[in-house]
Amino acid sequence: DAGVIQSPRHEVTEMGQEVTLRCKPISGHDYLFWYRQTMMRGLELLIYFNNNVPIDDSGMPEDRFSAKMPNASFSTLKIQPSEPRDSAVYFCASRPGLAGVNEQFFGPGTRLTVL
Amino acid sequence: AQSVSQHNHHVILSEAASLELGCNYSYGGTVNLFWYVQYPGQHLQLLLKYFSGDPLVKGIKGFEAEFIKSKFSFNLRKPSVQWSDTAEYFCAVTPVGGNTPLVFGKGTRLSVIA
């Protein structure tokens, strides 16, 4: 299995632009998570999905952030408009839906720089 | 809600020194505990996990962790670190049987110098 796939790996954009981050979870995994990592705040959970349905988006910082999961193999995290304080590494993770299997598998991350 | 505290922000050790990274969690029920490692420029990878049974858990690369329920702790140890252990280490917790995401600590950066 290729693991969790994220694209792009690096994104540099200017303030005010729309940014779309993409994630392909491991096949067969029912849960998908979006995290943001910064030096100041560490690893923060933004939103997670179960069977393509958003379960908890309380970590999404503000309305500029939105996430979708149109099918079991694809999710997007969109920031519109982007701001310099959004600069961070964004990780996607997935895990199986089996009871008791809590290990999360992480993707390589997208390093976002907003100028 | 659960929370995880990693008290050491940055630890610097010489090669061959012993390592212990602290992790405390707050949650009243039964938990699953994890340590993840993030090497420079890479993604988080599972180092070891505790689900039940023997509270001393052995992971990859010579790491181990001990779950002490009375202290709500899950400290990570390694008897002799190597330069290649330089990384950031994250402790995480989730309730047993729940389908909630892992809750991570803020991480401890380990720098191993020659």
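Numbers restart at 1 for each chain; the letters A, B, ... are given by sequence-line order, proteins then strands. Treat the numbers as computed from the prediction; the structure is a model and nothing was measured.
One hydrophobic cluster, built from ILVMFWY side chains closer than 4.5 Å, holds both B/Leu48 and B/Leu110. Grouping the Ile, Leu, Val, Met, Phe, Trp and Tyr side chains by contacts below 4.5 angstrom, directly or via other members, places B/Leu33 with B/Tyr27. By the criterion of side-chain heavy atoms lying less than 4.5 angstrom apart, applied directly or through intervening Ile, Leu, Val, Met, Phe, Trp or Tyr residues, A/Leu112 is grouped together with A/Met60 in one hydrophobic cluster. Linking ILVMFWY residues whenever their side-chain heavy atoms come closer than 4.5 Å, directly or via other members, places B/Tyr50 and B/Tyr89 in the same cluster. Following chains of ILVMFWY side-chain contacts shorter than 4.5 Å, one cannot reach B/Phe63 starting from B/Phe104, and the two form parts of different hydrophobic clusters.
At most 12 heavy atoms of other shown residues, nucleotides or ligands fall within 6.0 angstrom of atom CD in A/Glu14. Taking a 6.0 Å sphere around CG of A/Asp63, one finds it holds 12 or fewer heavy atoms contributed by other residues, nucleotides or ligands.
Contact check for B/Pro101 versus A/Tyr31: no side-chain heavy atoms found under the 4.5 Å cut-off.
With values rounded to the nearest 0.5 angstrom, B/Lys106 atom NZ is found 8.5 Å from A/Thr38 atom OG1.
Separation of the B/Phe90 and A/Phe91 ring centroids does not fall under the 6.0 Å cut-off.
If you measure heavy-atom distances from B/Gln45 to chain A, you find no contacts under 4.5 Å at all. Of the atoms belonging to A/Arg111, not a single heavy atom falls under 4.5 Å from chain B. Proximity to chain B is limited to the side chain of A/Met39, based on heavy atoms less than 4.5 angstrom apart. There is no contact between A/Gln6 and chain B, counting heavy-atom distances below 4.5 Å. For chain A, the nearby parts of B/Leu44 are the backbone and the side chain; heavy atoms of each come within less than 4.5 Å.
The minimum heavy-atom distance between A/Gln104 and B/Tyr36, with the atom names listed, is O-OH, 2.7 Å. Considering all non-hydrogen atoms of both residues, A/Tyr35 and B/Leu102 come closest at OH-O, 3.4 Å. Of all heavy-atom pairs spanning A/Arg95 and B/Thr100, the tightest one is NH1-O, 3.5 Å.
Taking A/Ala93, A/Gly107, A/Gly42 one by one and counting their heavy-atom pairs under 4.5 Å with chain B, the maximum is reached by A/Gly107.
At a heavy-atom separation below 4.5 angstrom, chain A is approached by no residue within residues 7-14 of chain B.
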